[in-house]
Asks: 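Got a structure for you, questions after.
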Amino acid sequence: MAKNRLNRESLINFSAEFNADEVEVAPDWRYQLVVPYIRQSSSYLAVRDKYRGANVKKADLPKDEAAVYKVADWFDILSIEADDDGGDQLDWWERAGKSLYGFDMPIPSVTGIYMEAGETRTLHKGGRLVPTFIIEVPLNLTMTEVLKGIKDVFKFFIKNWGTPIQFGVPLPDAYRAHYKLEKSKLQEDTLVNGLEALTMYRAGMPLWKIGNTLDLSPAHRVNEDASKPGKHDSEYKRVLSIKARQLVRIASLVAENAARGRFPSNKAFPEAMLKSYERDPGRPVGSKSPKTTNVTKYKSF
């Protein structure tokens, strides 16, 4: 099992610079969570076990086994040695990650050249694979005047040029990486807590306890050190179980998508293996209230 689990405080931006790494990757903290999520995927675990020689039943393998194997192979996480990657994922990033998510040429960025008063220079600019706009900024202006002037220049050219200037032009195919981060509304708290929730869930921790540990509903926190149950503990555990169930559901889909190279994404798809994240319906552990009959199969045992 990977050591040193990630937490919110340990997250850092992974990146790569072309001059030093021969690939370029814009900084993003989500790269650090890709492999930990893959390792929580039932699809990946089944494929990994088969790769390592275990007798895995066909019914326990994902229907798109080849696709999951390809991702695990490219991400270099199938071997037993890969299990020793530290929780910070730096070893994996250097070994495989930056090459998978990187471009083999510098990403275009805003640049500038400083010139002394009275200096003349012949500049050779261009050659980029995306359109470029060159602006001259005299330094007798204030920063406010400069920013207003740049805005006015763009307004003028956008209004008067036959071909309008457009921002956000897609990078050409030459910049296509093997994998890229998905456009997603999933927030840092959801991704970090989701990973923790899946780890606890696989270890058999009750849903209410997961919710309590991750403080998913501060208003319903249960004092686990109390000598006897609190007056509202039964109801609090029910609420915490629901919160944890929702988080586990989201995180399980993130893990299954990650095993196919899609991260971060919680979109449902037919091949996702979610049965290992299901539990029999019933009351949270420690509850003395009558069982309900309209609970879903994801509620706590």
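Just so we're clear, the structure is a prediction, and the values are computed from it rather than from any experiment.
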Asks: Is there side-chain contact between Val35 and Asp85, with heavy atoms separated by less than 4.5 Å?
Replies: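 Side-chain contact under 4.5 Å: no.
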Asks: Say whether Ile12 and Leu181 are linked into one hydrophobic cluster, either directly or through other cluster members, by side-chain heavy-atom distances under 4.5 angstrom.
Replies: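 Yes, Ile12 and Leu181 fall within the same hydrophobic cluster.
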Asks: Tell me if a side-chain donor or acceptor on Glu145 pairs with a main-chain N or O of Thr142 at a distance below 3.5 Å.
Replies: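 Between the backbone of Thr142 and the side chain of Glu145 there is a qualifying donor-acceptor contact (under 3.5 Å).
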Asks: Hey, could you give me the CG/NZ distance between Leu100 and Lys180, rounded to the nearest 0.5 Å?
Replies: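 It is 15.0 Å, given to the nearest 0.5 Å.
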Asks: Distance only, no hydrogens: is a donor on one side chain within 3.5 Å (strictly under) of an acceptor on the other, for Thr199 and Arg39?
Replies: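 Looking only at side-chain atoms, Arg39 and Thr199 do not form any donor-acceptor pair under 3.5 Å.
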Asks: Nearest 0.5 Å, what's the CG-CZ distance between Leu240 and Arg238?
Replies: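 Between atom CG of Leu240 and atom CZ of Arg238 there are 10.5 Å.
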Asks: Any side-chain heavy atom of Ile77 within less than 4.5 Å of one from Val71?
Replies: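 No, side chains not in contact.
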Asks: Nearest 0.5 angstrom please: Ile250 CD1 to Ser265 OG, how far?
Replies: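 Those atoms lie 11.5 Å apart.
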Asks: Looking only at side-chain N and O atoms, does Ser41 offer a donor or acceptor that is under 3.5 Å from a partner on Arg260?
Replies: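 Distance-only check fails for Arg260 and Ser41.
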Asks: Just wondering, are more than 12 heavy atoms of other shown residues or ligands nearer than 6.0 Å to CG in Asn140?
Replies: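 Yes, because the 6.0 Å sphere around CG of Asn140 holds more than 12 heavy atoms from other groups.
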Asks: Indicate the ring-plane relationship of Tyr236 and His220, choosing parallel, tilted or perpendicular according to the 30° and 60° boundaries.
Replies: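 Perpendicular, since the angle between the ring planes exceeds 60°.
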Asks: Testing Tyr31, Tyr69, Tyr179 one by one against Phe75 for a ring-ring contact (aromatic ring centres under 6.0 Å, His included), which residue passes?
Replies: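 Between Phe75 and the candidates, ring-ring contact (aromatic ring centres under 6.0 Å, His included) is satisfied uniquely by Tyr179.
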Asks: More than 12 heavy atoms of other residues, nucleotides or ligands under 6.0 Å from CD of Glu271: is that the case?
Replies: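 Above 12, so yes.
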Asks: Check whether any side-chain heavy atom of Arg249 sits under 4.5 Å from a side-chain heavy atom of Leu274, and report yes or no.
Replies: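 When only atoms from C-beta onward are counted, Leu274 and Arg249 do touch, with a gap below 4.5 Å.
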Asks: So, do Tyr37 and Asn257 sit near enough that their side-chain heavy atoms are less than 4.5 Å apart?
Replies: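 Heavy-atom side-chain distance check fails, nothing below 4.5 Å.
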Asks: Check whether any side-chain heavy atom of Leu247 lies under 4.5 Å from a side-chain heavy atom of Leu214, and answer yes or no.
Replies: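 A side-chain contact under 4.5 Å exists here.
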Asks: I'd like to know if the side chain of Arg202 reaches the main chain of Gln40, judged simply by a donor and an acceptor atom lying under 3.5 Å from each other, with no hydrogens or angles considered.
Replies: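 Side chain of Arg202 to backbone of Gln40, a donor-acceptor pair under 3.5 Å: yes, one is there.
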Asks: Applying salt bridge (charged side-chain N to carboxylate O under 4.0 Å, His left out), run through Glu65 and Lys50 and close with a yes or a no.
Replies: CA-CA 10 Å; Glu65 176 186 350; Lys50 179 181 177 180; 2.9 Å; yes
Asks: Given Val146, which partner from the list Leu141, Ile135, Leu139 fulfils the side-chain contact (heavy atoms from CB on, under 4.5 Å) test?
Replies: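 It is Leu141, the one option of Leu141, Ile135, Leu139 that forms the side-chain contact (heavy atoms from CB on, under 4.5 Å) with Val146.
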Asks: If I take atom NZ from residue Lys243 and atom CD1 from residue Ile210, how far apart are they, to the nearest 0.5 angstrom?
Replies: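 Between Lys243 NZ and Ile210 CD1, I get 15.0 Å after rounding to 0.5 Å.
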Asks: Using 0.5 Å steps for rounding, measure from the CD atom of Glu256 to the CD1 atom of Ile38.
Replies: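 The distance works out to 11.0 Å.
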Asks: Using a 4.5 Å cut-off on heavy atoms from C-beta on, say whether the side chain of Trp93 contacts that of Val25.
Replies: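 A side-chain contact exists here, since the closest heavy-atom pair is under 4.5 Å.
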Asks: Crowded around Glu224 CD? As in, over 12 foreign heavy atoms under 6.0 Å?
Replies: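 Yes, enclosed.
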Asks: Is there a donor-acceptor contact under 3.5 Å from the side chain of Asn212 to the main chain of Val222?
Replies: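 Flag set: sc Asn212 to bb Val222 pair under 3.5 Å.
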Asks: Measuring from Gln32:CD to Leu191:CG, what's the distance to the nearest 0.5 Å?
Replies: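 Interatomic distance, Gln32 CD to Leu191 CG, rounded to 0.5 Å: 12.5 Å.
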Asks: Any salt bridge linking Lys148 with Asp152? Criterion: basic side-chain nitrogen under 4.0 Å from a carboxylate oxygen.
Replies: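 Yes, Lys148 and Asp152 are salt-bridged.
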